[in-house]
Engineer: 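One structure coming up, written as structure tokens, with questions to follow.
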Amino acid sequence: MEAATFTSATQFPTAGSSYSSPSSLYACSSHSQQFFWRSSHKLKPSKGFSIRASSFVDDDSVVTLLDYGAGNVRSVRNAIRFLGFDIKDVQTPEDIMNAKRLIFPGVGAFPAAMDVLNKKGMAEVLCAYIEQDRPFLGICLGLQLLFESSTENGPVKGLGLIPGVVGRFDSSNGFRVPHIGWNALQINKDSQILDDIGSRHVYFVHSYRAMPSDDNREWISSTCNYGDNFIASVRRGNVHAVQFHPEKSGDVGLSILRRFLYPKSEITKKPVQRKASKLAKRVIACLDVRTNDKGDLVVTKGDQYDVREHTKENEVRNLGKPVDLAGKYYLDGADEVSFLNITGFRDFPLGDLPMLQVLRYTSENVFVPLTVGGGIRDFTDGTGRYYSSLEVASEYFRSGADKVSIGSDAVYAAEEYLKTGVKTGKSSLEQISRVYGNQAVVVSIDPRRVYLKDPNDVEFKAIRVRNPGPNGEEYAWYQCTVNGGREGRLIGAFELAKAVEELGAGEILLNCIDCDGQGKGFDIDLIKLISDAVSIPVIASSGAGAVEHFSEVFSETKASAALAAGIFHRKEVPIQTVKEHLFKEGIEVRT
Ligand code: 1PR
């Protein structure tokens with residue numbers, strides 16, 4: 001699809017910016033050592049490698065990307081291409097020095113990233129590149145690595161260019177960690193790349209952050225408030241780094257990248273002091289995807305998980321094409337898009353190449369986070385070839401997913417953990433969150449309400465419900481199910497949520513089979529129960545039928561996001577209308 005169909009801001013200036021060539025020979029010399037201000041970290045020169053800039057082979061429309069292979073940087077690639085640039089990957093340290101403009105989208109954990117940079121001899125040359133004030137944009141971990149050290153699995157030394165220690169958010173003050181979602185920034189000084197941002201929100205997903213101090217003040221271009229003020233971006237000359245993800249921040253993020261790629265020679269705007277915002281509540285569009293009886297991959301939607309039409313043919317309800325609908329919801333203002341491969345529990349997802357294609361095509365034009373779920377588990381195919389759940393998830397990430405969502409397999413993992421009290425580290429949940437970080441792992445819970453006369457009738461957490469059951473029962477517990485609601489398990493949603501948080505889930509997608517597709521509102525009792533019980537973000541799902549249902553769930557529970565499907569597919573209420581309603585009700589949303 002052409003870029004022009006997805007954004008109004010598609011007319012870009014001619015690629016290329018004035019850039020004065022540095023002298024031809026670089027070294028991490030004494031001058032460099034001064035630049036590693038207060039850093040005790042000494043970078044060892046790598047053997048057989050001299051930091052020499054050869055002739056600049058990049059033309060004006062090429063961006064050099066430092067991707068050390070630790071995770072998904074597909075979105076960054078897509079955004080760069082969307083803005084009209086080609087990508088040259090860094091293979092050797094020389095490629096860094098030869099870059100005309102360098103983007104470093106750090107992914108994964110701080111220690112692993114530093115390890116790779118050191119082993120490949122890139123840490124030293126990266127410092128030299130930055131010291132020369134060459135055009136640089138670090139993203140997320142690409143910002144954190146510029147600091148002296150991090151406490152992530154550490155302390156671990158960083159590149160030492162900026163004074164300060166990167167530390168974990170404090171969740172004891174009620175703030176959910178990871179920090180996932182959209183915040184507006186407080187711009188501290190002229191930042192050039194943030195000049196267009198105004199009070200608009202950008203997308204963050206991280207558990208660690210750098211804090212402002214007198215020592216690093218001169219670097220800080222913006223801060224954000226989440227519990228306390230942390231550094232959202234830094235700038236010095238042509239060197240920029242941002243803690244948030246411009247490639248996932250919709251059109252405002254694309255404009256930030258565009259400003260980096262097409263820098264203006266003059267400062268056009270004065271810095272504006274703005275009040276920092278709260279974390280915005282997210283509105284998520286969900287696409288349940290499956291193959292219909294004709295073999296086409298379609299978006300479908302069930303009533304209490306029944307996705308078949310009640311006609312003679314009994315066909316799978318077809319609500320449209322996944323890529324088209326995802327693109328539409330992005331333009332309508334969805335803060336995230338989720339794909340759930342709802343028959344993934346019985347089909348092998350890597351055999352389901354159309355689903356991977358859906359992700360690839362969607363991620364080319366949709367610049368907000370994409371989650372994919374369904375069928376994430378270990379699998380042995382017909383030929384006896386074994387695929388670990390990590391391989392399945394990796395394929396989803398490579399195809400453009402930012403998060404994976406695990407359903408059935410997380411239930412089995414939680415059951416085992418509650419039975420033995422041992423974290424084996426072998427479950428899909430534990431493995432994927434260890435490699436990709438817990439912010440990349442959502443656990444999707446599919447509970448069904450079971451009414452009770454007496455809360456002591458079950459060993460699971462039971463609560464008094466606001467709407468009594470068919471026989472006047474005042475209590476209920478929420479029984480977890482697997483295989484798309486087909487099989488009930490002996491574990492409650494409350495027990496499951498707490499267990500998966502301990503096993504490494506970064507977020508909970510909380511469905512409710514009773515409410516799914518009914519349009520009568522979210523199950524407030526359930527969402528309150530779970531969002532009070534865990535300290536990771538909870539996405540409320542199932543039952544939205546009017547804008548008031550969204551304000552109700554945000555006012556009455558601690559849900560961080562609300563997900564809906566039918567109301568959007570049936571075109572009853574546009575996403576923008578939901579957001580306007582929330583805004584009017586005083587609930588912060590991404591603008
Ligand atoms: O078990 O890891 O293979 O994951 C399967 C995934 O597929 C789970 O996330 C499970 O929730 C989902 N799933 C399985 N069967 C169905 C079905 O509908 N038959 N979809 C299904 C559940 C997702 C809901 C829905 C909301 C909002 N639907 O999130 O989108 O209820 O709907 P509404 O706004 O119209 O009320 P695994």
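When a ligand or atom number is given, it counts from 1 through the structure's own listing order. Just so we're clear, the structure is a prediction, and the values are computed from it rather than from any experiment.
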Engineer: With atoms numbered from 1 as shown, which atoms in ligand 1 lie under 4.0 angstrom from a non-hydrogen atom of Ser408?
Structural biologist: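 Those atoms are 1 (O), 2 (O), 37 (P).
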Engineer: Can a non-hydrogen atom of Ser542 be found less than 4.0 Å from any atom of ligand 1?
Structural biologist: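 Yes, Ser542 has heavy atoms under 4.0 Å from ligand 1.
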Engineer: Which protein non-hydrogen atom lies closest to atom 14 (C) of ligand 1, naming both residue and atom, and how far is it?
Structural biologist: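 Looking only at protein heavy atoms, the one closest to atom 14 (C) of ligand 1 is Gly484 CA, 3.3 Å.
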Engineer: So, for Ala393 and Ile432, which heavy atoms are closest and what is the spacing to 0.1 Å?
Structural biologist: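 So the two residues come closest at CB-CD1, 3.5 Å.
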Engineer: Tell me whether Tyr305 has any N or O atom under 3.5 angstrom from an N or O of ligand 1.
Structural biologist: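 By distance alone, the answer is yes.
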Engineer: Under 3.5 Å between any N/O of Gln518 and any N/O of ligand 1: does that happen in this structure?
Structural biologist: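 Between Gln518 and ligand 1 (N or O atoms, distance only) the closest approach is not under 3.5 Å.
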Engineer: Any side-chain donor paired with an acceptor under 3.5 Å for Arg398 and Tyr396?
Structural biologist: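 Judged by distance alone, the side chains do not pair up.
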Engineer: Where is the nearest protein heavy atom to atom 12 (C) of ligand 1: which residue, which atom, and how far?
Structural biologist: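 The closest heavy atom on the protein side is Ile342 CG2, 3.9 Å.
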Engineer: Counting non-hydrogen protein atoms only, what is the nearest one to atom 25 (C) of ligand 1? Give residue, atom name and distance.
Structural biologist: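 Here the nearest protein heavy atom works out to Asp516 OD1, 3.6 Å.
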Engineer: According to side chain to side chain contact (heavy atoms under 4.5 Å, CB included), who are the partners of Ala112, at least two apart in sequence or on a separate chain?
Structural biologist: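 In terms of side chain to side chain contact (heavy atoms under 4.5 Å, CB included), with neighbours along the sequence ignored, Ala112 is linked to no residue.
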Engineer: Counting only nitrogen or oxygen atoms and a 3.5 angstrom limit, does Leu340 reach ligand 1?
Structural biologist: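 No, there is no polar N/O contact under 3.5 Å.
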Engineer: Heavy atom under 4.0 Å from ligand 1: found in Ser541's side chain, backbone, both, or neither?
Structural biologist: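 Near ligand 1, Ser541 shows its side chain, while the N, CA, C and O stay back.
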Engineer: Is it the case that ligand 1 has an N or O less than 3.5 angstrom from some N or O of Ser405?
Structural biologist: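 Such a contact does not occur with ligand 1.
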Engineer: Do Glu430 and Ser427 meet the criterion of a side-chain donor-acceptor pair at a distance under 3.5 Å?
Structural biologist: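 Indeed, the side chains of Glu430 and Ser427 share at least one donor-acceptor pair under 3.5 Å.
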Engineer: What protein heavy atom sits nearest atom 32 (O) of ligand 1, and how far off is it?
Structural biologist: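 Result: Lys301 CE, 3.0 Å.
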Engineer: Does Ser444 reach ligand 1 with a nitrogen or oxygen that is under 3.5 Å from one of the ligand's nitrogen or oxygen atoms?
Structural biologist: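 Between Ser444 and ligand 1 (N or O atoms, distance only) the closest approach is under 3.5 Å.
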Engineer: Looking at ligand 1, is there an atom of it that comes within less than 4.0 Å of some heavy atom belonging to Asp446?
Structural biologist: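 Asp446 counts as a contact of ligand 1 under the 4.0 Å cut-off.
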Engineer: Side chains of Asp446 and Thr481: any donor to acceptor distance under 3.5 Å?
Structural biologist: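 No, no side-chain donor-acceptor pair sits under 3.5 Å.
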Engineer: Any side-chain donor-acceptor pair under 3.5 Å between Glu501 and Ser535?
Structural biologist: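 Yes - a donor-acceptor pair under 3.5 Å links their side chains.
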Engineer: Give me the nearest non-hydrogen protein atom to atom 3 (O) of ligand 1 as residue plus atom name, then the distance to 0.1 Å.
Structural biologist: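 Protein heavy atom with the smallest distance to atom 3 (O) of ligand 1: Gly375 N, 2.8 Å.
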Engineer: Please verify whether a non-hydrogen atom of Ile567 lies at under 4.0 Å from ligand 1.
Structural biologist: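 No heavy atom of Ile567 comes that close to ligand 1.
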Engineer: Looking only at side-chain N and O atoms, does His310 offer a donor or acceptor that is under 3.5 Å from a partner on Asp306?
Structural biologist: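 A donor-acceptor contact under 3.5 Å links the two side chains.
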Engineer: Aromatic ring centroids of His206 and Phe244 under 6.0 Å?
Structural biologist: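 They do not qualify: ring centres at least 6.0 Å apart.
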Engineer: Which of the atoms of ligand 1 are close to Gly566, meaning less than 4.0 Å from one of its heavy atoms?
Structural biologist: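 With Gly566 as reference, the close atoms of ligand 1 come out as 33 (P), 34 (O), 35 (O).
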Engineer: Out of curiosity, is Gly374 lining ligand 1, as in a heavy atom under 4.0 Å away?
Structural biologist: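 Under 4.0 Å: yes for Gly374.
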Engineer: In this structure, is the centre-to-centre distance between the rings of Tyr386 and Phe379 below 6.0 Å?
Structural biologist: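 Distance test on ring centres: not under 6.0 Å, no.
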Engineer: Is Asp335 salt-bridged to Lys579, cutoff N-O under 4.0 Å?
Structural biologist: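 Looking at Asp335 and Lys579, the cut-off is met.
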Engineer: Return yes when Gly373 approaches ligand 1 closer than 4.0 angstrom through a heavy atom, no otherwise.
Structural biologist: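 Distance cut 4.0 Å: Gly373 fails for ligand 1.
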Engineer: Would you say the side chains of Tyr478 and Asp523 form a donor-acceptor pair under 3.5 Å?
Structural biologist: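 Tyr478 vs Asp523: donor-acceptor pair found between side chains.
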Engineer: If I apply the N/O under 3.5 Å rule, does Asn511 come out as touching ligand 1?
Structural biologist: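 Min N/O separation from ligand 1 is below 3.5 Å for Asn511.
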Engineer: For ligand 1, is there an N or O atom under 3.5 Å from any N or O atom of Asn341?
Structural biologist: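 No: no nitrogen or oxygen of Asn341 is under 3.5 Å from one in ligand 1.
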Engineer: Among all protein heavy atoms, pick the one closest to atom 34 (O) of ligand 1 and tell me residue, atom and distance.
Structural biologist: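 I find the closest protein heavy atom is Ala565 N, 2.9 Å.
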Engineer: If you measure every N/O of Ala564 against every N/O of ligand 1, is any gap under 3.5 Å?
Structural biologist: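 In fact, backbone or side chain, Ala564 has no N or O that close.
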Engineer: Kindly assign one of parallel, tilted or perpendicular to the pair Tyr226 and His179, based on the angle between their ring planes and the thresholds 30° and 60°.
Structural biologist: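 Parallel: the ring planes of Tyr226 and His179 meet at under 30°.
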Engineer: Could you tell me whether Asp67 and Arg77 make a salt bridge, using a distance below 4.0 angstrom between a side-chain N and a carboxylate O?
Structural biologist: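 Looking at Arg77 together with Asp67, the answer is yes, because their closest N to O distance falls below 4.0 Å.
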Engineer: Can you sort out which atoms of ligand 1 are near Gly517, meaning under 4.0 Å from one of its heavy atoms?
Structural biologist: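 By the 4.0 Å cutoff, the relevant atoms are 33 (P), 35 (O), 36 (O).
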Engineer: Any sub-3.5 Å donor-acceptor pair from Glu336's side-chain atoms to Pro369's backbone N or O?
Structural biologist: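 No; judged by distance alone, with no hydrogens or angles, the pair does not exist.
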Engineer: Test your reading of the structure: does Gly543 have an N or O sitting under 3.5 Å from an N or O of ligand 1?
Structural biologist: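 In this structure, Gly543 places an N or O atom under 3.5 Å from an N or O of ligand 1.
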Engineer: For ligand 1, is any non-hydrogen atom under 4.0 Å from Cys286's backbone (N, CA, C, O), its side chain (CB onward), both, or neither?
Structural biologist: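 Side chain only.
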Engineer: Tell me which protein heavy atom sits closest to atom 28 (N) of ligand 1, plus the residue, atom name and distance to 0.1 Å.
Structural biologist: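 Result: Asp288 OD2, 2.9 Å.
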Engineer: Pick one of side chain, backbone, both or neither for how Val482 approaches ligand 1, counting any non-hydrogen atom pair under 4.0 Å.
Structural biologist: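 The answer is neither; Val482 stays 4.0 Å or more away.
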Engineer: With sequence neighbours excluded, give me every ring pair (Phe, Tyr, Trp, His ring centres under 6.0 Å) pair touching residues 530-577.
Structural biologist: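 Those involving residues 530-577 are Tyr329-His569, Phe522-Phe550.
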Engineer: Whether the Ser428 and Asp409 side chains hold a donor-acceptor pair (N or O, under 3.5 Å, no angle test) is what I'd like checked.
Structural biologist: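 Result is yes, a qualifying pair exists.
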Engineer: How far is atom 2 (O) of ligand 1 from its nearest protein heavy atom, and which residue and atom is that?
Structural biologist: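 Nearest protein contact, heavy atoms only, for atom 2 (O) of ligand 1 is Gly407 N, 2.9 Å.
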